[in-house]
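Written below as structure tokens is the structure these notes are about.
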Amino acid sequence: QPSSFRTFRTGRHCSGADKGVIALRPCRIRLLGACPLNAAFAPLVLSLSALAALFAGLWLVSLRTDDVGVVDIAWGPGFALAAWIEWLWASPGHPSSTLLLLAVSLWAARLGVHLFQRHRMSEREDARYAAMRAADGPGFRWRSLGKVFLLQAAILWALALPIHLAMLAPRVEGPGLLALVGTLLFAAGFALEAVADAALLRFRRDPERRGGLLTSGVFAWSRHPNYFGECLLWTGIGLLAWDASGTPLAPVSYTHLRAH
């Protein structure tokens, strides 16, 4: 390795003798110059481009099926895709960023499977998209690329703020109390969301209860326990990102922005 390294966020140089004191990372971007901002800009563009390609591919699928509801299946996996791209770019990163990667991947896999199963069970296009199709007329199948698919890719990328911060702005210190609390919140929220989604799926599969209201199990505690679980687990992910990046901006993203 070269004897001179650059800190990822400040651009400060130190000699090889200082490597035991300060955890430094080599500047990986040569074509974009030496500016650390450029080094962070490239993986962000790469993750956004990958998301755009993923959702554009799903748009092509929707042209064959006349059902844009397929876009929902990629919501969770899209976060995992951005997380893996940025983690691989910055690896080796902070231990909390690796914990965050595993948490996001676990959530994305479960949510993706759940939404795929729900989509297969549906007999018609989701009411939200059916209303958009009726309002837009025959041209909706083409305009949906921008109005539905690429828009969701952009929103997803913006809501992934804690992922961007954790992967691309790591600090030196090891995992602390924030990482512990974040992991516990994620585990509790993940379990609650999984139990609620499974109960709701079983309820919808029962033809005798179709059109009814689920009020047993975790749905006896809350009208939307699955959404509460998702807010809880993403608060945990935000705390993991805060621990990894050292910035309190990390938790103020998915949970709060999506709520508004």
Side-chain angles (χ1 to χ4, degrees), residues 40 42-59 61 69-91 93-94 96-119 148-170 179 182-183 185-194 196-197 226-245 247 249-260:
L44 291 175
V45 172
L46 182 59
S47 62
L48 179 59
S49 301
L51 288 173
L54 171 64
F55 280 82
L58 288 174
W59 173 71
V61 173
V70 68
V71 68
D72 293 339
I73 300 172
W75 182 254
F79 283 93
L81 176 62
W84 275 99
I85 288 173
E86 294 172 10
W87 183 83
L88 288 171
W89 185 280
S91 184
H94 192 274
S96 290
S97 66
T98 302
L99 277 175
L100 184 147
L101 174 71
L102 296 176
V104 170
S105 299
L106 183 62
W107 167 79
R110 191 210 66 82
L111 184 63
V113 170
H114 170 72
L115 293 178
F116 176 75
Q117 291 176 331
R118 191 180 74 177
H119 184 73
V148 177
F149 290 87
L150 294 183
L151 177 61
Q152 286 209 28
I155 292 173
L156 188 160
W157 184 85
L159 291 178
L161 175 64
I163 294 174
H164 305 324
L165 291 174
M167 302 304 175
L168 302 177
T183 302
L185 285 177
F186 171 83
F190 180 84
L192 178 59
E193 185 181 38
D197 279 345
N226 45 352
Y227 295 151
F228 176 72
E230 182 159 295
C231 289
L232 195 63
L233 71 86
W234 270 95
T235 299
I237 287 174
L239 292 178
L240 281 169
W242 187 352
D243 188 79
S245 65
T247 170
L249 278 176
V252 187
S253 63
Y254 186 92
T255 298
H256 303 87
L257 293 178
R258 196 178 183 201
H260 291 81

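Side chains included, hydrogens not; waters and symmetry mates left out as well; all remaining heavy atoms used.
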(message) Show every salt bridge (Lys or Arg N to Asp or Glu O under 4.0 Å) that has at least one partner inside residues 103-117, sequence neighbours left out.
(response) Arg110-Glu193, Arg110-Asp197

(message) Test of understanding: with side chain to side chain donor-acceptor pair (under 3.5 Å), list the residues that count as partners of Ser105, not counting sequence neighbours.
(response) Trp84

(message) Can you confirm whether Phe79 sits close enough to Leu159 that some side-chain heavy atom of one is under 4.5 Å from a side-chain heavy atom of the other?
(response) yes

(request) For His164, check side chain to side chain donor-acceptor pair (under 3.5 Å) against everything at least two apart and list the hits. (result) Glu86

(message) Quick check: closest heavy atoms across Leu111 and Trp75, and the distance to 0.1 Å?
(response) CD2-CD1, 4.1 Å

(message) Ignoring hydrogens, what is the shortest heavy-atom contact between Cys231 and Thr235? Give both atom names and the distance.
(response) O-OG1, 2.8 Å

(request) Kindly write out the residues that satisfy side-chain contact (heavy atoms from CB on, under 4.5 Å) with Ile85, not counting sequence neighbours, or none if the list is empty. (result) Leu46, Ser47, Ala50, Leu81

(request) Not counting sequence neighbours, which residues clear side-chain contact (heavy atoms from CB on, under 4.5 Å) with Ala153? List them please. (result) Leu51, Phe55

(request) Applying side-chain contact (heavy atoms from CB on, under 4.5 Å), name anything that partners Ala179, two or more places apart in sequence or on another chain. (result) Ser96, Pro175, Leu240, Asp243

(request) Search all heavy atoms of Pro162 against all heavy atoms of Ala241 and return the closest pair with its distance. (result) O-CB, 3.2 Å

(message) With heavy-atom distances below 4.5 Å as the criterion, would you say the side chains of Trp89 and Met167 are in contact?
(response) no

(request) Please name the pair of heavy atoms, one in Gly182 and one in Leu239, separated by the smallest distance, quoted to 0.1 Å. (result) CA-CB, 3.8 Å

